[in-house]
Amino acid sequence: MIWLLEGLRLLGRSRARSLLLVLCWTLALTLAGLAGWAWRGSPQLRAALTRRVPAECYLADDGAATLAGVRAALAAGRGLEWAGLLDAGQAAGEFRAGFGVDVVELLGENPFPPTVLLRVRPEAGPAQLERELAALRRVPGVTGVYLDQRLLGELGRQLRRAGWLLLGTGALLALLTLGLLALAMRGLWREWQGVARLLALHGALPWQLAAPPLVALFGTALVAAALSWVLAGVLSNLMARLGLAGISQGWTLFVGAILPTLLSALAIAAQSRRRVRSPF
Amino acid sequence: MNGAAPGLPLLEARGVEFQYPGGFRLGPLDLRLRAGELVCLSGEPGSGKSTLLRLLAARLRPDVGALLFRQEPLADHRPAGLAAWRRRLGIMDQGGLGALHRSTRELVALALAARGLGARTRRREGARIMGELGLLARADLPCGQLSTGQARWVQLALALCGLPELLLLDEPLAHLSPEHQAEFMTTLRRVAARGTAVLFCRHGDPALDGGSLRCLRLAGGRLTEASAPDGGVQ
């Protein structure tokens with residue numbers, strides 16, 4: 001208990017440093033959240049970056065003969081690969097999850113047929129794909145094949161560029177965050193070092209010496225997690241109100257990066273107000 | 001308090017040698033300390049007194065030789081092993097207190113917690129130690145506000161936490177007035193009388209009440225017995 005209280009005392013002793021720690025954590029968690037949101041919420045961006053463009057093959061029925069025909073066509077082509085099989089209900093659920101529209105409720109019936117999910121292999125060329133899609137359409141029981149050709153063309157290239165730009169920005173911000181976290185932790189450790197040295201002489205165990213700074217570190221992380229959660233809610237609401245939540249508008253992700261950048265600027269300002277010497 | 005077998009040394013250094021890289025060489029030296037013994041280690045500045053205390057506290061590792069505590073060699077130099085060893089010691093460093101913002105009461109509580117004592121015992125023991133050393137009146141002042149001499153008493157309080165079997169004090173009388181030096185020595189005698197072995201070092205010759213102390217002298221990296229009033233064991 002005394003070590004927990006020491007951690008809190010450590011935070012209380014330097015409010016500027018504690019604020020810096022909270023800001024750094026908020027920045028780190030917001031960045032991680034944004035990265036997760038961008039990855040999960042943009043299937044097109046994900047497909048363009050990984051060059052694993054999704055395709056769907058609609059079936060009249062999901063009988064064994066039809067599925068065997070699809071598998072045989074895929075095995076012959078090598079440009080497309082099997083990613084999964086959805087029955088009609090699952091296909092409707094997938095659409096609802098992806099686009100937020102319950103088509104079954106809207107139409108009063110389920111318009112989705114059983115669907116085989118496919119993926120384009122990254123090495124497949126356009127001509128080869130055309131041939132394989134045509135072969136797949138000729139399989140008995142297949143009613144249609146859908147592939148977003150745009151992801152293989154100019155749109156795909158634009159998305160890839162935007163994606164790399166986003167990744168670069170994210171990596172820079174992450175480096176900045178790590179640097180700030182290291183600075184804040186160095187200050188915190190310096191605060192504790194005098195006492196730690198004394199206690200080490202009197203037989204304190206390594207965990208006892210490490211506990212207070214760790215309590216301070218993870219205590220601020222908890223506060224920052226709550227703060228990031230609120231920020232993420234505000235941000236997503238704001239983007240939805242401004243109509244910027246569209247997944248094809250890659251630049252809208254930069255809007256999400258503005259807030260962390262502002263936070264990091266604040267953190268730098270807070271840091272520059274109080275210089276910290278290295279304890280090492 | 002200490003159950004050392006009569007006649008057997010509490011701490012023994014056998015043929016200990018240590019050399020700083022490219023610098024001062026200490027030893028080979030032998031040393032035996034018995035429970036309840038009050039020993040003054042004297043020598044000129046740079047003679048190796050602090051180095052010897054650091055070796056005994058396992059803050060430095062001897063190049064050659066062995067340290068034995070109750071006839072058991074000190075072999076575990078991993079952090080947990082060192083911590084276990086230091087819990088049996090009370091160490092007073094030559095440098096001042098590093099924790100200027102903490103009060104004596106807080107530091108004593110932390111030192112007792114480091115030795116694994118619970119909250120109630122910490123309060124009781126803390127009050128006892130601070131009371132014995134006359135620190136209660138200043139117990140809640142930040143250590144940064146204490147004079148260097150007062151800080152020495154706080155360091156002694158920290159060293160006495162957890163009833164150590166051996167006290168290793170580096171220049172404890174520095175920065176103390178003659179009256180306070182005498183008071184400090186009285187306290188050390190009282191501690192030694194309870195069975196704790198006390199080894200402290202100081203500059204120059206052991207002129208301090210030499211008749212009632214066992215005095216050792218360190219010169220040229222070698223240890224010699226300066227006097228052995230009560231049949232010293234060297």
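A note on names: the letters A, B, ... follow the listed sequences, proteins ahead of strands, and every chain is numbered from 1.
- One distance of note links CG of A/L199 with CZ of B/R115; it measures 10.0 Å at 0.5 Å rounding.
- In terms of heavy atoms, A/W3 sits closest to B/A114 at CZ2-N, 3.9 Å.
- Residues B/I91 and A/H202 share a closest heavy-atom pair of O-NE2, 3.4 Å.
- Neither the backbone nor the side chain of A/W207 comes within contact range of chain B, judged by heavy atoms closer than 4.5 Å.
- To the nearest 0.5 Å, atoms CZ (B/R122) and CD1 (A/I2) are separated by 4.0 Å.
- Separation of atoms CD (B/E106) and CG (A/L5) is listed at 11.0 Å; rounding is to 0.5 Å.
- With a threshold of 4.5 angstrom between heavy atoms, B/L110 approaches chain A through its backbone and through its side chain.
- Heavy-atom minimum distance, A/L205 versus B/A83: CD2-CB, 3.6 Å.
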